[in-house]
Participant: 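Here you go, one structure.
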Amino acid sequence: MTIIFDGIAYGMLLFILACGLALTLGLMNFINLAHGAFAMAGGYVLVVLTQRAGVPFLACLPLAFLVTALIGALLERTLYQHLYGRSHLDQVLFSVGIIFMAITAVQYVMGSSQQIVRLPDWLQGRVEIAGIGMGVYRLFTIAICAVVAIALQVGLVRTRFGSQLRAAVDDPTVARGLGINVSLVFAVTFAVGSGLAGLGGALGAELLGLDPVFPLRYMIYFLVVVAVGGTTTITGPLLAALILGIADVLGKYYVPQLGAFIIYTLMVLILLWRPNGLFSRAVAR
Amino acid sequence: PAAMAQDTVKIGMIQPMTGPFASTGIEAVAGAKQYMADHGDTVAGKKIELVVKDDAGSANDTRRIAQELVVNDHANVLMGFGLTPLAFAAAPIATQAKVPMVVTAAATSSVVEKSPFIVRTSFATPTAAATMGKWAADNGIKTAVTLVSDYAPGKDAQDWFAKAFTDGGGKVAEQLTVPLQNPDFAPFLQRVADAKPDALFVFVPSGVGAPFMKQFRERGLADQGIKLIGTGDVVDDQILNNMGDAALGLISAHHYTAAHPSEMNKAFVAAFKTANGGMRPNFMAVGAYDGMALVYQALEKTGGDTDGTKLVDAMKGMKWESPRGPIMIDPDTREIVQNIYINKVERQDDGELYNVEQDTVENVKDPAKAK
Amino acid sequence: MSAPSRAADQSSGAIPADGGVLAHTLSRPPLPLAAEIAIWIVAVGAFFVVPDRALLLNEIAILGLFAMSLDLVLGYAGIVSLGHAAFFGAGAYVAGMLAVNGYATPLPGLLAAGLAAALIGFLSSFLILRGSDLTRLMITLGVALILLEIANRFDDWTGGADGLYGVAMDPVLGLFEFDLYGHTAYFYSLSVLFLCVLVARLVIASPFGLSLRAIRGNRLRAAHLGIGTSRHLVAVYTLSAFMAGLAGALNAQTTQFVSLEVLDFHRSADVLLMLVLGGTGYLYGGLIGAVVFKVLQTLISDLTPQYWQFWIGLLLVVLVLVGRDRMSERLGALLPGRRRGVEGDPA
Amino acid sequence: MTAALETHGLVKRFGGLVATNDVSLSVGKGARHALIGPNGAGKTTLINLLTGVLAPTSGRIVVGGKDVTGLTAHQRARRGIARTFQINQLFPDMTPLETVVLAHAAAHGRAGTFWQPASRERASVERAGELLSRFGLADVMSRRVSSLPYGKQRLLEIAVAIAADPQVLLLDEPAAGVPEDERHEILSIVESLPADVTVVLIEHDMDLVFSFAGRITVLVGGAVFTEGSVAEIAANPDVRRVYLGEG
Amino acid sequence: MADLLVVENLSAGYGKAVAIERIGFSLKAGGALALLGRNGVGKTTLLNTLIGVTTFKGGRITLDGADVTPLSPERRARAGIGWVPQERNIFASLTVEENLTAIARPGPWDVARVYQMFPRLRERRSNMGNQLSGGEQQMLALGRALMINPKLLLLDEPLEGLAPVIVDELLAALRRIVVEEAMTAIIVEQKARKILPFTDHALILERGTVSFAGPSAQLLEEPGALEARLGVERA
Ligand SMILES: Nc1ncnc2c1ncn2[C@@H]1O[C@H](COP(=O)(O)OP(=O)(O)OP(=O)(O)O)[C@@H](O)[C@H]1O
Ligand SMILES: Nc1ncnc2c1ncn2[C@@H]1O[C@H](COP(=O)(O)OP(=O)(O)OP(=O)(O)O)[C@@H](O)[C@H]1O
Ligand SMILES: [Mg+2]
Ligand SMILES: [Mg+2]
């Protein structure tokens, strides 16, 4: 049982790291491979604030969100916005460039070694609920991710803003011509996406570690979650993250010698079965 | 400048300076530079020039760079090699070009066998792993589980620990390998918890050590009475202090600790920290430091002759005092012979975490080569 | 203008009945012949200008071939792949393992490696027939990573994480020994590259090549023209895998070492980067991208081994922002009349 | 005479919506047949079923005496079924010349030819030249399709279908967006196709339908409402009510 | 009453190419203008320039007394321009209803009223945008433009692909809207005779410039006028 709980916690963490990408890639159709760089930024914000400025851990989480959202908004206004209309390949090239710069910049400023997050005492240790041993921090992560998932679903996907966003992606020119402030819609979405990455990075630094190559190391995981989840909903990536998290943890527990096979094989199989991800609206023609 | 070239000795240092293994390269380059800062850049009338190249951890690049260093830059010595495959890739170049190749990092046992021109100043994984295995068996640990990263050094460590441990009367309950890029140790640690051994022997690359140890604590394995033991890679000095209390009490076997209580080491650590913005030297730094020391001394012995064969011959059997303690190059295997220390993570007076020596096993040879 | 026949009389744009002009218009190569010849002269000439850089040149030629193979699927058939290293790696391992086990003649080894990669390409091509760009990115990536895991697991044969040690090749054609300077290596790789470009040129100008572009442009309509889209994709993917396998084999044979890194994600990403950098859909993009990327990387990383990635990153960002098209237009002005498939709008 | 095109009890459901409701049709060889009906009556859906874009929920499709229900779109195309699309489906990065040459080559089973340049496909190149001239596309033949004005793209859409030398040609509102004079030009090209080519036309422009078609089928709500000659349909008061209006 | 729309010296195109040059005309509120011309003369370009999605080359557009030339497309839309693009451009990943609500602005037109005008859309309200028949898309494009509650409607071939009954109804409805709600419409149409009776004025373009501007009636009445200008040879 504990192992399933671990799987859920891991899946939730994957989700929170990837859900920002689900927004920018899924809803905005922008292939931002540099997503992990924003997550890394969030992680470093947390580390710097807790260790150098002594800000309490809890306060750092919203700060990590805000700071990265701000960075995201800034980059969106100055750089990213020029790339919306461009081909996916341009976007790949560009965001890889951003990754390279982010990695070396962080290396320059913070050094290349692992940063280590120190949790407050009340988040450490374990509790036993109904006979299942659970890490307190993992419980905490699950709670935050659940809140984020609900907030996203309610606040972004089902609303008029959500429709406007999808309209702007489908056809930005016509959306403009019909009065949608495409730039604003994109900027807000991008900022929220980056902010979520930052929050995920901050939350995840504890479990995943944090060093300058973070954006590359975990890029594949983000992409897997979004691809398997499908790009048109938020529930898709959530479910995908949970499935992958649980399958990975269970697989490693019961057949550890299979190692990394499980997650990749599972991904390929799911994508063969549902090429557009678990949840995708039929795209005719 | 032909005459100039005669008077300089070029050392081509190939290290991963970018990519996932960058921290290895950065420490090593700093270590090498530290030696030059301490001992000047002329030996036996020759000027030493250190050329640093980044191979980003890619064997293809390592090989090409090594080749270019030899062919174009006329490097007299190759040095570095952050990972085993990188050393393997470059080994034939050393053989063909007859250039000494000083390995300051890669730790798989067989590296030195790949070319008669390879000399190693880092360590061979089996030395640390086997020492740990023997120590564990001698210190009341009956059963152990091993958990290693899924790559060659990991398997080396696992096998040699297990061998020494079982030879000493211990029992390995389970052997776990985790993927190199593994974000979550939960399932593996849960297996450990279920197996209830006396100790868990761990070998993971230094960057992964911290998350691993936290998860070990979080899962309460320590409270279950499971001792965490390993080689020094896990408690790499570079990041040890940041690990926080999670690391306290870990027992590791290694050939270097920044807390080594010799005067020489104290001076080395202080100088290194000053030169590198407070970064602590780790075993990678000391490996490269000694690599330079080896080259300097060999040159002195040959009187500045840079002929590769002569240099390697000079290196064989060389003995000197390093910040890590007394070391020697085995004349038969060109492998380093050194003390292995049993360390325990403790908080020292300056408030920082260190690997503090508990026990010393002197002049350990690589057991893998003791045929 | 008399209304009823208007549509017809516009044809005063005059198409001669024999279709010679049409055939000529159709058969325009991806680059003007002069530019193509210039590229090959430069390629051979580079050796004589910087003979001590033959190793780098060799690597560039190999990467150029690898990138060109990707261009066939990406630039022409519109299939994005983040796992092309699967075929490069397969080729490298097959060539390497053959050599280690005593079959060290270069050309048969090369061919065998290419065929093995083609087989893997053929099998995996069925996985990428459906789904979106993202799906294909992830499936190709997944395939490469699974191969990587397999290579890691079967370390008795592949050497696992230590790499495949002990690749030693016989002389090429029994005549040219692989030397430490990479001279033989470069000419060997360059010849293979040249042959592959010839083949690729023919294929893309053929109806098959047109079909690929049609499939990329609009798969639905392509099917309604009677083009078996799946079969075409399978075919081109297999061909591309074959060439990528050759590139991998060249890499193994000329560097005489194979490590897991040939299957690594970085390799797939880098080749994509090079191709996109040089431009897709005109065959030489991969080659130009490989030159630009490798030369810059070598130059900058000599200056600042620790931070060269920053400058490459900056370059990518600036390049994309300024617009690759505008950049290549400038370059195009140097290579007279280069076109990407079609001419622009008449003013 | 065998029918060129037959459907038997064809049904297509989209969720709750029955877009094609038990349609049984028979179109004779060489017929000029029109399909009309209100918006959303299921005309395009029917064409999509015939050409293999959609798979029917039930029912059978027979072309030239052979059951093609299970065949893929490209297999049907190779059996001589060509179509145009209501919304242009072209290859934006190719030129009109390349497009038409390919259309002809593919229909004649040469899309897989990889050993010689397309320019050596003499028959295809010649046919392309002829069609491009007739459709007034000669002066734009080497521009990118995506930069052509809508009307030209529309013409190309039709030229592509005709280039396949089809047995059965299905035209989905070919004249939409084409100026009036060129509408008739298009249909005159279609009319000049060999007499054994079967043409099915969907159009909302009644001038065109009445001047072109021999017989007309009216679809309403997915089902066949009525079928008859031009005169019968034009005079049918029910058809006037549901479709033609008073205009 | 002042003119609702004044266009002076307008030139625009795509990239470097110029497609329309020095076009000038003005429109009163509550009127309809027929915009005619052969293929490729720039009708679409003119409409698209009014909404602001082409490359602007010079001139001035004044809407309701305010200069809208410097405004972005979305600001122009909010200033009261509704647009039906030639290729419909229904948002494919939105349902019919979301297509309407996503861009809605307050005013007399709401979803219910659009559904009343096109009952077919109500039936298909939860279909995705790309699961509509051609005619349904056309209806939706029109309904969508009305949801902006514009002062000026730009209709690029709005009748194309609609069944004849609907065309008749639609033209009547448009006429009512234009007159009763003092909305102004510019209608592009290939079949001049269809819309001239419903419009007050007509503008004929030739190669990107105005070749005729005057009352629609003049074109209808004067024999041969249309034929000469548009090459329409049949009634
Ligand atoms: N993929 C789909 N999913 C759901 N409903 C669909 C789909 N495609 C079409 N429909 C519906 O099926 C009905 C028939 O559509 P079809 O396109 O065949 O109409 P049509 O007769 O061609 O109309 P028009 O004259 O307007 O083009 C329409 O109501 C349409 O909304
Ligand atoms: N996206 C574009 N890029 C470049 N040129 C274009 C583009 N769209 C249109 N043009 C050119 O601008 C000119 C005017 O085209 P426009 O679409 O405005 O004509 P139109 O009168 O609406 O024709 P149609 O009746 O076919 O709709 C044409 O010569 C066309 O080639
Ligand atoms: Mg239709
Ligand atoms: Mg138009």
Side-chain angles (χ1 to χ4, degrees), chain C residues 3-29 78 199 201-211 213-218 220-232 235-236 239 281 340-346, chain D residues 51-53 72-75 77-78 82-83 85 89-95 97-99 101-103 105-107 109-122 124-126 128-130 132-144 147 155 160 164 181-182 184-186:
Chain C
S5 63
R6 184 171 168 272
D9 71 24
Q10 271 191 355
S11 69
S12 56
I15 298 178
D18 69 358
V21 175
L22 289 176
H24 181 74
T25 318
L26 255 185
S27 67
R28 265 192 273 175
V199 171
R201 262 177 113 252
L202 182 64
V203 166
I204 57 161
S206 69
F208 176 76
L210 279 185
S211 307
R213 286 170 53 203
I215 292 169
R216 187 188 65 172
N218 187 336
L220 172 79
R221 184 52 178 259
H224 282 89
L225 296 182
I227 298 172
T229 53
S230 302
R231 288 211 326 250
H232 279 69
V236 74
L239 176 68
R340 279 240 196 111
V342 285
E343 67 194 33
D345 303 359
Chain D
T51 52
V53 175
T72 61
H74 85 266
Q75 287 166 330
R78 292 289 306 283
R83 71 172 289 183
F85 287 82
Q89 301 286 339
L90 295 166
F91 311 118
D93 291 334
M94 289 169 71
T95 65
L97 177 61
E98 288 168 338
T99 309
V101 167
L102 177 63
R110 303 191 56 83
T113 306
F114 58 85
W115 53 86
Q116 67 173 17
S119 53
R120 294 263 184 83
E121 300 286 331
R122 292 209 72 86
S124 301
V125 174
E126 271 166 33
E130 203 178 300
L132 290 171
S133 304
R134 278 211 76 173
F135 279 95
L137 293 167
D139 49 349
V140 294
M141 72 180 181
S142 46
R143 278 174 61 177
R144 277 164 65 99
S147 75
L155 292 173
V160 166
D181 51 346
E182 290 181 22
H184 291 277
E185 176 65 19
I186 290 173

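To find a chain, count down the sequence lines: A is the first, B the second, and so on, and within it residues start at 1.
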Participant: Against chain D, label C:Arg216 side chain, backbone, both or neither, depending on which of its atoms sit under 4.5 Å from a heavy atom there.
Facilitator: side chain
Participant: Provide the closest heavy-atom pair for D:Ala106 versus C:Leu225 in the form atom of the first, atom of the second, distance.
Facilitator: CB-O, 3.3 Å
Participant: With chain D, which of C:Ser211, C:Gly217, C:Gly209, C:Ala214 has the greatest number of heavy-atom pairs at distances under 4.5 Å?
Facilitator: C:Ala214
Participant: In Å, rounded to the nearest 0.5 Å, how long is the span from CG of C:Leu210 to CD of D:Glu98?
Facilitator: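 One finds 5.5 Å between CG of C:Leu210 and CD of D:Glu98.
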Participant: Roughly how far, to the nearest 0.5 Å, is OG1 of D:Thr99 from CZ of C:Arg213?
Facilitator: 8.5 Å
Participant: Tell me, side chain or backbone of D:Gln116 under 4.5 Å from chain C's heavy atoms, or both, or neither?
Facilitator: backbone
Participant: Any idea which heavy atoms bring C:Gly226 and D:Arg78 closest together, and the distance?
Facilitator: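 The answer is O-CD, 3.6 Å.
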Participant: Counting only non-hydrogen atoms closer than 4.5 Å, does D:Val160 touch chain C with its backbone (N, CA, C, O), its side chain (CB onward), both, or neither?
Facilitator: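 Answer is both: backbone and side chain atoms of D:Val160 are under 4.5 Å from chain C.
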Participant: Does any backbone or side-chain atom of D:Ala82 lie under 4.5 Å from a heavy atom of chain C? Answer side chain, backbone, both or neither.
Facilitator: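 Neither part.
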Participant: Counting heavy-atom pairs under 4.5 Å with chain C, which one of D:Leu90, D:Thr72, D:Ile186, D:Val140 comes out on top?
Facilitator: D:Leu90
Participant: How close do C:Pro207 and D:Thr113 get, heavy atom to heavy atom, and via which atoms?
Facilitator: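 What the structure gives for the nearest pair is CD-O, 3.4 Å.
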Participant: Would you say the side chain of D:Phe85 lies within less than 4.5 Å of the side chain of C:Leu220, judging by non-hydrogen atoms?
Facilitator: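 A side-chain contact exists here, since the closest heavy-atom pair is under 4.5 Å.
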Participant: Give, as side chain, backbone, both or neither, the part of D:Ala164 having an atom under 4.5 angstrom from any heavy atom of chain C.
Facilitator: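 Neither the backbone nor the side chain of D:Ala164 comes within 4.5 Å of chain C.
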Participant: Between chain C and each of D:Ala77, D:Ala118, D:Ala103, count heavy-atom pairs under 4.5 Å; write down the option with the most.
Facilitator: D:Ala118
Participant: What part of C:His232 is in contact with chain D, defined as an atom under 4.5 angstrom from a non-hydrogen atom: side chain, backbone, both or neither?
Facilitator: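 The side chain, not the backbone.
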Participant: Given the options D:Ala111, D:Ser124, D:Ala105, which has more heavy-atom pairs under 4.5 Å with chain C than any of the others?
Facilitator: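 Max contact count across the listed options: D:Ala111.
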Participant: Grab the two heavy atoms, one from D:Phe114 and one from C:Ser206, that are nearest each other, plus how far apart they are.
Facilitator: CA-OG, 3.4 Å
Participant: Where does D:Arg83 contact chain C at under 4.5 Å (heavy atoms): side chain, backbone, both or neither?
Facilitator: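 Both the backbone and the side chain of D:Arg83 come within 4.5 Å of chain C.
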